[in-house]
Number of protein chains: 2
Amino acid sequence: MTPNKEDYLKAINKLGGCDDLIANKKIADALHISPASVSEMLTKLEKEGAVEYVPYHGIRLTPAGKQQSAALLRNHRLWEVFLLRHLGYSWSEVHEEAELLEHVTSPRLAQSLDAFLKHPDFCPHGAAIPSTDGKIKAIPLRKLAQMSVQDTSTIRKVTEEKEFLNYLQERNIQIGSSFTVLSIEPYEGPITIKLADKQIVLSYKAACHIEVDA
Amino acid sequence: MTPNKEDYLKAINKLGGCDDLIANKKIADALHISPASVSEMLTKLEKEGAVEYVPYHGIRLTPAGKQQSAALLRNHRLWEVFLLRHLGYSWSEVHEEAELLEHVTSPRLAQSLDAFLKHPDFCPHGAAIPSTDGKIKAIPLRKLAQMSVQDTSTIRKVTEEKEFLNYLQERNIQIGSSFTVLSIEPYEGPITIKLADKQIVLSYKAACHIEVDA
DNA sequence: AAAATAATTTAGGCATACCTAAAAGAGGAG
DNA sequence: CTCCTCTTTTAGGTATGCCTAAATTATTTT
Ligand SMILES: [Mn+2]
Ligand SMILES: [Mn+2]
Ligand SMILES: [Mn+2]
Ligand SMILES: [Mn+2]
């Protein structure tokens with residue numbers, strides 16, 4: 001196993017490969033790698049027993065692959081918590097460092113880090129941190145874009161993309177912020193919310209990338 | 001630059017390549033790689049401007065190479081301090097994890113970690129942590145093997161080798177321990193010291209790997 | 001049910017970083 | 001100064017992980 005292969009497993013997991021067959025193209029797009037290279041690598045990952053490969057129809061993770069990808073997500077998210085809480089990193093900066101640290105994190109290191117951080121349940125972006133056995137603590141959520149006028153809720157999870165996180169940071173939107181929907185323009189128009197006594201206008205697309213308490 | 005090349009630079013630095021020409025064979029031995037592969041890699045490192053290469057006579061680090069290798073040693077030793085102080089690792093366990101973490105440590109991460117650790121001067125094995133500009137805090141030391149009977153001193157630095165560190169740990173020998181030399185057998189025979197009111201017998205070779213206040 | 005389109009695999013190449021074996025150079029002993 | 005030994009480089013080969021282009025398979029449209 002190499003950092004490369006680990007990123008394949010993580011991507012397959014994120015695309016839903018714990019349950020469904022995932023298409024070659026989806027993986028290629030997620031990793032910015034050619035479909036040809038993905039085919040090659042999947043053959044290798046199958047030989048190593050991490051994925052079940054149905055040529056021309058996609059792949060899914062084996063139990064071993066699920067375990068490994070969950071461990072990587074766990075490593076990644078634990079490091080994010082550490083960087084934010086103890087090293088003065090911001091919300092939008094932690095992801096890139098964690099992307100590298102996750103690959104050099106032994107089980108022993110993950111466990112010690114988890115204890116040091118007092119066993120956090122979520123990363124700074126609201127994604128659940130899998131436990132050692134791969135289980136995740138799920139709470140019911142819905143997209144902000146699917147709320148109605150006058151609804152009130154709390155922000156719990158956001159999409160982890162640098163540009164988007166900066167967009168949110170500029171608008172003072174954080175995990176745990178409570179807010180009320182003031183208005184929704186039709187045809188996927190902007191949504192206005194009141195958060196900490198300030199009005200904030202969000203594009204429809206942004207509202208699709210914010211999840212709130214159901 | 002890759003983790004591989006970084007380990008070359010670190011090895012050259014440790015072998016004295018900041019000042020002297022280092023022989024191919026020394027690097028090959030240090031990295032457990034064939035001399036042929038070392039020749040190849042040195043050619044590449046020269047093209048990248050990290051080393052000055054005199055074929056058949058050895059290599060030394062350029063200013064850029066010195067800077068890079070010092071940063072790596074700094075990263076390595078900062079992580080060692082973190083693992084020991086905050087994650088419950090022992091003296092003999094920190095090295096291997098740091099060997100990987102050092103390669104995924106951005107300047108920003110190193111700086112934040114340094115601040116979090118309150119700017120430590122030495123790693124858990126007593127090696128100086130270079131500052132960002134590559135300077136190290138040197139204190140005068142001598143080998144325990146070169147002491148005389150009745151001499152008293154304090155342990156400041158030990159060779160970083162897993163087997164040896166376990167040997168020391170079993171005998172309760174730590175950085176900062178004060179002791180007195182009780183006896184020295186001739187012809188490189190064992191050396192007996194009194195440390196924390198207990199007599200400890202050290203082989204001559206072990207005593208060569210322990211440095212104490214001069 | 002064909003034809004057109006899209007997805008996937010295969011073929012052939014390239015760069016990195018390692019290896020062993022053979023050739024070439026450097027340095028010491030006589 | 002010449003031989004002998006040890007070191008170093010060069011040559012040729014392997015494995016990994018990526019690429020583009022071509023061939024194949026699947027899916028959608030007509
Ligand atoms: Mn990664
Ligand atoms: Mn995250
Ligand atoms: Mn290393
Ligand atoms: Mn150390």
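In the text below, chain A, chain B and the rest are named by the order of the sequence lines, each starting its count at 1.
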Does [N] have OP1 or OP2 sitting under 4.0 Å from an N or O in the side chain of [X]?
X       : N      : result
A:Lys26 : C:dA7  : no
A:Ser37 : D:dG17 : no
B:Ser34 : C:dC19 : yes
B:Ser39 : D:dT9  : yes
B:Asn24 : D:dT9  : yes
A:Lys5  : D:dG17 : yes
A:Tyr8  : D:dC18 : yes
A:Thr2  : D:dG17 : yes

Test: B:Arg156 cationic atom under 6.0 Å from B:Phe122 six-membered ring centre, within 45° of axis: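 Here B:Arg156 fails the 6.0 Å and 45° test against B:Phe122.
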
NZ or CZ of B:Arg85 within 45° of B:Phe116 ring axis and under 6.0 Å: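 No, a cation-pi geometry is absent between B:Arg85 and B:Phe116.
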
Ion pair A:Glu97/B:Arg108, N-O distance below 4.0 Å: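 No, A:Glu97 and B:Arg108 are not salt-bridged.
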
Basic-acidic side-chain contact under 4.0 Å: A:Asp151, A:Arg142: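 Salt bridge flag = yes for A:Arg142 with A:Asp151.
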
What integer distance in Å separates [X]:[atom1] from [N]:[atom2]?
X       : N      : atom1 : atom2 : result
A:Ile27 : D:dC18 : CD1   : P     : 13 Å
B:Glu46 : D:dT8  : CD    : P     : 16 Å
B:Asn4  : C:dA15 : CG    : C1'   : 14 Å
A:Ile33 : D:dT16 : CD1   : P     : 16 Å
B:Asp7  : C:dT16 : CG    : C1'   : 16 Å
A:Leu42 : C:dT10 : CG    : P     : 12 Å
B:Tyr53 : D:dT7  : OH    : P     : 15 Å
A:Asp29 : C:dT8  : CG    : C1'   : 13 Å

Among [options], which nucleotide sits nearest the side chain of [X]?
X       : options                : value
A:Glu40 : D:dA26, C:dT16, D:dG17 : D:dG17
A:Tyr56 : D:dT25, C:dC19, C:dT10 : D:dT25
B:Ala36 : D:dT9, C:dT9, C:dG12   : D:dT9
B:Lys25 : D:dT8, C:dT8, D:dT27   : D:dT8

Contact nearer the 5' end of DNA chain D, comparing A:Met41 with A:His57: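 The residue closer to the strand's 5' end, by nearest nucleotide, is A:Met41.
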
Check: A:Gln111/A:Thr132 side-chain N/O donor and acceptor closer than 3.5 Å: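 Per modelled atom types, A:Gln111 and A:Thr132 side chains form no pair under 3.5 Å.
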
Distance-only polar pair, side chains of A:His209 and A:Glu161, donor-acceptor under 3.5 Å: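 A:Glu161 and A:His209 do not have a side-chain donor-acceptor pair below 3.5 Å.
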
